[in-house]
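Below is one structure, written out as structure tokens; comments come after it.
Quick note on labels: first sequence line is chain A, next is B, and so on, each numbered from 1. Side chains are part of it too, since the values below use all heavy atoms of this structure and drop only hydrogens, waters and symmetry mates. Since we're looking at a predicted model, the values are computed, not measured.
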Number of protein chains: 2
Amino acid sequence: MSPARPDSASVAAPAARGTHATIHDVARVAGVSVASVSRVFNGRDHVRAEMRARVEQAAAQLGYVPHAGARSLSMARTGAMGVVLPDLHGEFFSELLRGMDREASRRGLGLLLTVLHDGRGLDTLAALRGQVDGLMVMAPELDPAILARHMPRGLASVFLACIPQDGSPSLRIDNRAGAAAAVAHLAAGGAKRIVHISGPAGNLDALERRAGAEAAAAAAGVALTVIEGDFHEGSGAAVGESVAAGTLEADAIFAANDMMAIGALMALKRHGVAVPGQVAIVGFDDIPLSRLVSPALTSVAIDIAAMGARAVAQLAARITAAREGFLESTSTGADETIVPHLMVRETTRETDRG
Amino acid sequence: MSPARPDSASVAAPAARGTHATIHDVARVAGVSVASVSRVFNGRDHVRAEMRARVEQAAAQLGYVPHAGARSLSMARTGAMGVVLPDLHGEFFSELLRGMDREASRRGLGLLLTVLHDGRGLDTLAALRGQVDGLMVMAPELDPAILARHMPRGLASVFLACIPQDGSPSLRIDNRAGAAAAVAHLAAGGAKRIVHISGPAGNLDALERRAGAEAAAAAAGVALTVIEGDFHEGSGAAVGESVAAGTLEADAIFAANDMMAIGALMALKRHGVAVPGQVAIVGFDDIPLSRLVSPALTSVAIDIAAMGARAVAQLAARITAAREGFLESTSTGADETIVPHLMVRETTRETDRG
DNA sequence: GCGGTTTCTGTAAGCGGTTACAAGCCCGTG
DNA sequence: CACGGGCTTGTAACCGCTTACAGAAACCGC
């Protein structure tokens, strides 16, 4: 019983049609044990040069690639992070993912995307166990209690722009400060009657932005009327129509996001209302589109991509902490607050060409 | 030796700190075998109501969730699809993912995102084996041979807008037809000297669009000058500058994508060149932004989200085909061609208000 | 030429599920 | 009351890989 040698007969069918070669096939072809093959591939342990060569040759010949699933099962590590997002549109979505990807791929991690279509999808969260090492969750519309109930236990997680659960760290946007800066800027520019187009009622960001706007308006002694929007262009356009028609009196509009601001802007333009001459406008998010509309939109800027990258970094830290055994540690991982800044453009500033 | 009964002593520590309960823990607590627990959770086999109740109760008590990795190992099915994309920006990216997600989540599948940063990332493709059931690959910039070399063998795949490998089906945009329609439209509007801002040299879409434009220009008997761009706003702006300065003579511009068209549009506007009065502009892709700039951009429209959804559907079909054993079948899965259509807006049409 | 290291390599026990197979149960019949 | 057959359930063998442990081999100084 000599150790298995490369024997042309037994090597005949290393893998069935379409099936992949396994580590055993490689071991058999190379005439070594599976442990050695594993060692060669993970390169931590000592392996003689000749053995390494034999294994690599066999692996190449068979087109062997380790099976990520099996590996993650025995190592308790998947190499992927879950991203849980609401049903986002457009630039915010892509910028966030872009930032996450930048940081994740730097660390050799994958990103598993899960979109919550207004609540549905929540039950798939639990199924992520064993498929990802941690979760980045953004669910500003969701009742924190419901969210908590659906979070898979024991999976490291980071929350974006929503209330953190069970001591997980979170990344928060200082919506109040951003909104306050916007309103203060409008007031400083001479606005007396500001209309705030808010986000949907249940949305946390929306609530905070509204609060910030109200505080700043009170401080500056200007009137603020709040109209609820839905973060989409249409609701902004509706407000623009009302203002143009005179139904709604306003010399400035502060929208809770850029799409609504742009909707309002387009509606006003369509009706020949001068922006910023008669009505000044400020948005929130500073999506790339903002500087392309004309007049270019003044907006509260958040570095969305950077936020995504930070989320990955935080989660990575939290995952390794958990692996080291500090998981129950009282240092829950620092929350981070991202402070937005005002990007002044043409909708709040008379330009040479109006 | 009765079968293990729920015994408070042995049940003491179902899971260590932070660790998940396994199917064995559930079996022990419920006093049944692991097979039964598995049956209850997969619900295919007959299980008595009382057993079901016992297991469900135990699972709930332990907060048990099946481990996706382990399950995929024994079932040879992961429930996720890999998405391989170039380093895309903006709306195209988000629309595509949006469409893919819509279809994937309808089928209960996840999306694992891998971005190719100009070539790097290719080696991670092979590592996807065992992590996804199939791959959707979009790599218009990549040499097909290099791509082929890096594709994990035996993994079902669908190619988007690039040359298919090994008989995998692909989804292609009829770039030629779209570009031809754009140029024909410009010629019909009276253009005599058209400038085409192409995409980068190695890009397949870019080449096809250029070819379509050239063919249509020849057919219509109008002059076409090609200037190479990079799909970003800046290169479009550069052309706009040249045209405004008179360095480049043109009464119409056809850009290979919308961002370059918008760049050109902004540059022309900045210099007071009338659009479409002096220069008409057509873009390609019809990203949401196109209708928001002013004048609104005429563009060749592709339903990007629909394309993403189709890719998922095709891949799903191919995966089940492979599972049924038709993997070597000569019917390689039908290629699909998506025919774009022209969306005429203000940059090629005098409007009431110019 | 022998014990003690040091450096490789193989064996086998998991990781957490699924599932073929066999065994046990319960029932209606002849 | 023995018997065949339909439901349920348990046992154990995988899925493909990592890794603790132990055995083998090579090298050391004496």
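- Listed pair B/Arg48 / D/dC7 fails the phosphate criterion, with no side-chain N or O lying under 4.0 Å from OP1 or OP2.
- Note that CG of A/Leu111 is 5.0 Å distant from CE of A/Met136, once rounded to the nearest 0.5 Å.
- Within the structure, ring pair (Phe, Tyr, Trp, His ring centres under 6.0 Å) pairs that include any residue of residues 101-152 of chain B do not occur (at least two apart or interchain).
- B/Phe93 meets the ring-ring contact (aromatic ring centres under 6.0 Å, His included) test with no other residue; sequence neighbours excluded.
- One finds a salt bridge joining B/Asp25 and B/Arg28 here, because a Lys/Arg side-chain nitrogen approaches an Asp/Glu carboxylate oxygen to under 4.0 Å.
- Applying the ring pair (Phe, Tyr, Trp, His ring centres under 6.0 Å) test to residues at least two apart or on different chains, the pairs with a partner in residues 55-79 of chain B are B/Phe41-B/Tyr64.
- Taking atom CG on B/Asp45 and atom P on C/dT19, their separation rounds to 9 Å, with Å as the unit.
- Between C/dC8 and A/His46, a contact under 4.0 Å exists linking OP1 or OP2 to a side-chain N or O.
- Within the helix from C/dG1-D/dC30 to C/dG30-D/dC1, the inter-axis angle between the opening and closing five-pair segments is 50°, rounded to 10°.
- Once rounded to the nearest 0.5 Å, the distance linking CZ of B/Arg172 with CE of B/Met307 reads 11.0 Å.
- For B/Ile319, the side chain to side chain contact (heavy atoms under 4.5 Å, CB included) partners are B/Met81, B/Asp133, B/Ala156, B/Leu315, B/Arg323, not counting sequence neighbours.
- Here OG of A/Ser105 is found 10.0 Å from CG of B/Leu113. Values are rounded to the nearest 0.5 Å.
- To the nearest angstrom, C1' of C/dC15 lies 13 Å from CG of B/Asp25.
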key: Summary of protein contacts for nucleotides 14-20 of chain D, nucleotide by nucleotide, where a base hit scores B, a sugar-phosphate-only hit scores S (4.0 Å, heavy atoms)   = -BBBSBB
